[in-house]
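Inspection log for the structure reproduced underneath, given as structure tokens.
Not measured: the values here are computed from a predicted model.
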Amino acid sequence: MKKLRGIIIALLVVIMTFGSVACNRNGREKKEGYTSLRIFINNGDRYDGAEVDRVWEAIEDATKTQLYFEGAPHNSDYYNTLNPMLNTGDLPDIVFSVPGGSSGAYEKWADQKDGILVNIDVLLAERPGEYPWIEKLLGSAQYKNLMYDGAHTIVPYVSDASGWGIYYRKDWLEAVDEEVPVTLEDFERVLKKFTENDPDGNGKNDTWGISPGSGAHFWNPLYHAFGVQPDWGLDEDNNPVYMYETAEFKAFLEWAHGLYEKGYVDPQFNTNINNQDRTKFQDGKTGVLITNAGQHVTWVVTPFEQKQGKDKIVMGAPPVGTATLGKEGAGGFSNWGGWWGGFSITTGCEDPHAALRLLDYLVSQEGSDLRTYGIKGVHYDLDESGNVVPNVEERNKEPQERFMSVTVNDESQPLGVYQLGANFGGALDWSSYDTTGEIKIKIDAKSMDATYYQLIEDAMRLQTLSTSKLTNVTAYPSTMTTKANKVTDTMLNFVNPAIIGTKNLTTDWTAMLAQCESDGLSDVKNIIRSTIEELGII
């Protein structure tokens, strides 16, 4: 008994000694008046228990929050890590997800009866005017229809509407006496010469024009030249249509199959996963690459130049259709709406207004600049033209790789964006919102890549978009989700076999459409029609 009393007294001494210094997760001292927030996002595991830098701390001080990050381990599936946590009631305060891209997880969470995501509209109504930037964002023409089950449940990760580019081997174009293609006919001719005219000069027949990624979207600037609308669109009578069922897409498939039969397309393109399309371009096997531009230019061009040499890539515009191939004048990259998933507050959050306060700051002009470039006057300044000028000395004082490293003259320097902040979207530019109503992304090419910024700027300059009236509409009832997913799977599973030729565009095409009808295609169209009528889109 004496021993037990001694232990209790010792514990009381410890509590009295240290109780005045409350600690938070990972042993951080809790700041008085600050709200702790657990955030589960892509790459969040990199910052779990990591040292807090000055930018991180500045975000916390501006929002009176303390941020603790979690995420899926490297090379693991994001939702396979997050879902078991949520199923056991272990709810982070904020989670990232991609509606339509989470295999139904987001739709389950966002259900307003049985789900776990807070209705942001309710929070805004409780404190009108307190979150001006989210009010603008979710009230804008661009993002007002990003709803599910009648509620806004995500603050979107705002990105470029497309952000894609077409990379060409400039030295190969010169070798085969061609210019960067303008029309779809030009494009096919260049693919032919890149395949047949020994563009690398090694005397072997070992090159192809192109080896697209295995996903259908890697063909997007080509099928738009046939007049295809991205994803769901409206026909001339305002009836909903899905791009993969249209006569225009069928015409594209016939043309793409012809390219494959002629040998202009790598016969193994259907197996290209994990950026293997980029690897084949970097290895000198293909002369055209259709993939992301922007920040991805660094990841494409650096390995390319290590293998193939410098100054051998040029960017091109989406080829346009002509009177004899495709649809005359049609073309562009897919406009995917300028967002990629978003951030939701869960019902497990004890102070949802603190979470919304953080998200509001991160999409504000001040917060967006801070999380992208660091602290102004410390990590960067602006030149007379408003361009970002990084302060390398100060950036080097932060933990390694907090600012993206860029190799300049064989030296790695932290000239890029603040990587933790980039997890919350692009650098927003609110300067013209009040006059245009449009929310744009600021692209500071040198902050992305001080070496290859010209290629980034060229891709931006050459970018045209193909846009549907239904872009950024997710406000459909939950009753369509399962059917829509089945229809999408059926149609997507038809694309590559049709290009390769294991499915034909007569009987197999008809059978595919019949299967989609069985999956509920007409039901989905009816739901879309009634929804967009209710929203006033038509």
Side-chain angles (χ1 to χ4, degrees), residues 79 97-115 117 119 143-154 215-217 220 223 227-253 334-337 339 341 466-498 503 505-538:
Y79 295 101
S97 61
V98 181
S102 63
S103 300
Y106 167 79
E107 288 77 12
K108 177 183 176 183
W109 305 336
D111 183 277
Q112 288 302 290
K113 180 182 177 183
D114 301 314
L117 302 186
N119 185 343
Y143 301 114
K144 66 180 181 180
N145 293 318
L146 295 185
M147 295 187 289
Y148 190 78
D149 202 15
H152 285 109
T153 50
I154 63 168
H217 60 285
N220 81 89
Y223 53 64
V228 174
Q229 297 180 60
D231 300 314
W232 285 97
L234 299 175
D235 65 16
E236 294 178 354
D237 298 317
N238 279 337
N239 294 311
V241 293
Y242 200 26
M243 55 176 279
Y244 301 106
E245 67 169 323
T246 62
E248 291 84 359
F249 195 78
K250 182 181 180 183
F252 156 74
L253 289 176
S334 289
N335 181 349
W336 284 303
W339 66 290
S466 175
T467 306
S468 161
K469 288 183 180 180
L470 303 187
T471 299
N472 284 4
V473 179
T474 63
Y476 305 117
S478 58
T479 50
M480 74 169 275
T481 303
T482 301
K483 292 180 179 180
N485 288 342
K486 283 185 178 180
V487 168
T488 297
D489 289 344
T490 297
M491 291 185 176
L492 285 176
N493 288 334
F494 184 82
V495 173
N496 284 353
K503 295 284 187 182
L505 290 167
T506 52
T507 57
D508 290 333
W509 173 265
T510 302
M512 181 271 291
L513 294 180
Q515 180 60 54
C516 289
E517 195 58 44
S518 177
D519 292 336
L521 178 59
S522 290
D523 294 338
V524 173
K525 289 181 180 180
N526 289 334
I527 293 172
I528 291 175
R529 175 83 186 203
S530 62
T531 301
I532 62 178
E533 285 178 347
E534 187 176 321
L535 293 172
I537 293 173
I538 60 173

Show your working on side chain to side chain contact (heavy atoms under 4.5 Å, CB included) between Phe249 and Val495 and close with a plain yes or no.
CA-CA 10 Å; Phe249 195 78; Val495 173; 3.9 Å; yes
Inter-residue atom distance [X].[atom1] - [Y].[atom2], 0.5 Å rounding:
{"X": "Thr479", "Y": "Asp149", "atom1": "OG1", "atom2": "CG", "value": "9.5 Å"}
{"X": "Lys525", "Y": "Ser530", "atom1": "NZ", "atom2": "OG", "value": "14.5 Å"}
{"X": "Asn220", "Y": "Asn335", "atom1": "CG", "atom2": "CG", "value": "10.5 Å"}
{"X": "Ile537", "Y": "Thr471", "atom1": "CD1", "atom2": "OG1", "value": "10.0 Å"}

Working note: Trp109 + Ser97, criterion side chain to side chain contact (heavy atoms under 4.5 Å, CB included); need CA distance, chi angles, decisive distance, verdict.
CA-CA 10 Å; Trp109 305 336; Ser97 61; 3.6 Å; yes
Apply side-chain contact (heavy atoms from CB on, under 4.5 Å) to Thr531 and list each qualifying residue two or more places apart in sequence or on a separate chain.
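Partners of Thr531 under the side-chain contact (heavy atoms from CB on, under 4.5 Å) test: Tyr476, Pro477, Ile527, Leu535.
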Enumerate the residue pairs fulfilling salt bridge (charged side-chain N to carboxylate O under 4.0 Å, His left out) with a member in residues 470-488, sequence neighbours excluded, ordered by first and then second residue.
Lys483-Asp523
Do you know the tightest heavy-atom contact between [X] and [Y]?
{"X": "Gly233", "Y": "Leu470", "result": "O-CD1, 3.9 Å"}
{"X": "Cys516", "Y": "Thr490", "result": "SG-CG2, 3.7 Å"}
{"X": "Thr153", "Y": "Ala110", "result": "OG1-CB, 3.8 Å"}
{"X": "Ala484", "Y": "Val524", "result": "N-CG2, 3.7 Å"}
{"X": "Tyr79", "Y": "Ala105", "result": "CD2-CB, 4.3 Å"}

Counting C-beta onward and ignoring hydrogens, is there a side-chain heavy-atom pair between [X] and [Y] closer than 4.5 Å?
{"X": "Lys469", "Y": "Asn238", "value": "yes"}
{"X": "Tyr106", "Y": "Leu117", "value": "yes"}
{"X": "Asp508", "Y": "Phe494", "value": "yes"}

Test your reading of the model: is there a side-chain donor-acceptor pair from [X] to the backbone of [Y], 3.5 Å cut-off?
{"X": "Glu107", "Y": "Gly100", "value": "yes"}
{"X": "Ser468", "Y": "Trp232", "value": "yes"}
{"X": "Lys250", "Y": "Leu505", "value": "yes"}
{"X": "Gln229", "Y": "Leu234", "value": "yes"}
{"X": "Asn493", "Y": "Asp489", "value": "yes"}

Pair Asn145-Asn472, side chain to side chain contact (heavy atoms under 4.5 Å, CB included): steps then yes or no:
CA-CA 6 Å; Asn145 293 318; Asn472 284 4; 5.9 Å; no
Surrounding NZ of Lys503 (heavy atoms of other residues, nucleotides or ligands, distance under 6.0 Å), is the total greater than 12?
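No, because the 6.0 Å sphere around NZ of Lys503 holds 12 heavy atoms or fewer from other groups.
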Under 3.5 Å side-chain donor-acceptor pair for Tyr242 and Thr488:
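Thr488 and Tyr242 do have a side-chain donor-acceptor pair below 3.5 Å.
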